[in-house]
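Right, one structure below, let's go through it.
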Amino acid sequence: MKKNRDRPTYSHWDLLMASATEPIPKSKQRHHLLKMYEGLRSLEQAEAPTFHDWIACSDAVNMMETLTEMGVCSDASGLLNDAIKALAEAGERYKKHNVLRLTGAGITAIRAVLEYYAEVITSVPARTLMQCHVRTEARFRDLLAGRGRKDDIVVRPFKE
């Protein structure tokens, strides 16, 4: 039996049926962003942030990286690299000290990526966002299988 992460969130049929001109519904935008902002808030302020919080922020960064690779948006300032570095440092810090936290610069980078992501999903067509999601999941599966790119940063601060 396959695990859920082995199956894409969206099928080919889902992609075909998604709007090529309209963004995802506002309710889905809010739900999606709420999980990510709650993850960041927890990493900033909670007594014991969870890996789900770290993963929520990581998902936003990974989606933005894919959207950039797709040419949907750009990252001339290197913001994504700063966010990736911040998440990697937090993961390594957990391995060494059992503390899952971001630095001040990391918080700033992740917050900026989340704000940019929030802007993007309000204007990008639903189909494009779903394609991004599918590509991001496929890349994640490749990373887990050891087929990543040589410049990939892979951090596994937790047990699967």
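Quick caveat: nothing in here was measured; it's all calculated off a predicted structure.
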task: Give the intermediate values and the outcome of side chain to side chain contact (heavy atoms under 4.5 Å, CB included) for residues H133 and T66.
output: CA-CA 8 Å; H133 204 142; T66 303; over 6 Å; no
CA sep, side-chain torsions, deciding dist, call: Y10, Q131, side chain to side chain contact (heavy atoms under 4.5 Å, CB included): CA-CA 8 Å; Y10 300 107; Q131 288 169 332; over 6 Å; no
task: In sequence, state the C-alpha distance, the side-chain angles, and the governing distance for C132 and M70, and then conclude on side chain to side chain contact (heavy atoms under 4.5 Å, CB included).
output: CA-CA 8 Å; C132 171; M70 291 171 65; 3.7 Å; yes
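The minimum heavy-atom distance between A56 and G39, with the atom names listed, is CB-CA, 4.5 Å. Across all their heavy atoms, A90 and W54 have their closest contact at CB-NE1, 3.9 Å. Closest of all the heavy-atom pairs between L40 and C57 is N-SG, 3.5 Å.
A donor-acceptor contact shorter than 3.5 Å links the side chain of D14 to the backbone of S11. Put simply, the side chain of R127 gets close to the backbone of L15: a donor and an acceptor are under 3.5 Å apart.
Considering CD of E69 and CG of D75, their distance stands at 11.0 Å, rounded to 0.5 Å.
Judged purely by distance below 3.5 Å, without hydrogens or angles, the side chains of T9 and E137 pair a donor atom with an acceptor atom.
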Would you tabulate the side-chain donor-acceptor contacts of residues 96-111 under 3.5 Å, counting partners in other chains and residues two or more places apart, or write 'none'?
residue: N98; atom: OD1; partner: Y94; partner atom: OH; Å: 3.3
residue: R101; atom: NH1; partner: L43; partner atom: O; Å: 3.1
residue: R101; atom: NH1; partner: A46; partner atom: O; Å: 2.9
residue: R101; atom: NH2; partner: A46; partner atom: O; Å: 2.4
residue: R101; atom: NH2; partner: E47; partner atom: O; Å: 3.4
residue: T103; atom: OG1; partner: G106; partner atom: N; Å: 3.0
residue: T108; atom: OG1; partner: G104; partner atom: O; Å: 3.0
residue: R111; atom: NH2; partner: E44; partner atom: OE1; Å: 3.1
residue: R111; atom: NH2; partner: E44; partner atom: OE2; Å: 2.6

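Side-chain contact between M64 and C73: present, with at least one pair of heavy atoms (C-beta onward) separated by less than 4.5 Å.
Among residues two or more places apart in sequence or in another chain, the side-chain hydrogen bond (donor to acceptor under 3.5 Å, both in side chains) test is passed with D53 by S42, T50. Under the side-chain hydrogen bond (donor to acceptor under 3.5 Å, both in side chains) criterion, T68 pairs with no residue at all, not counting sequence neighbours.
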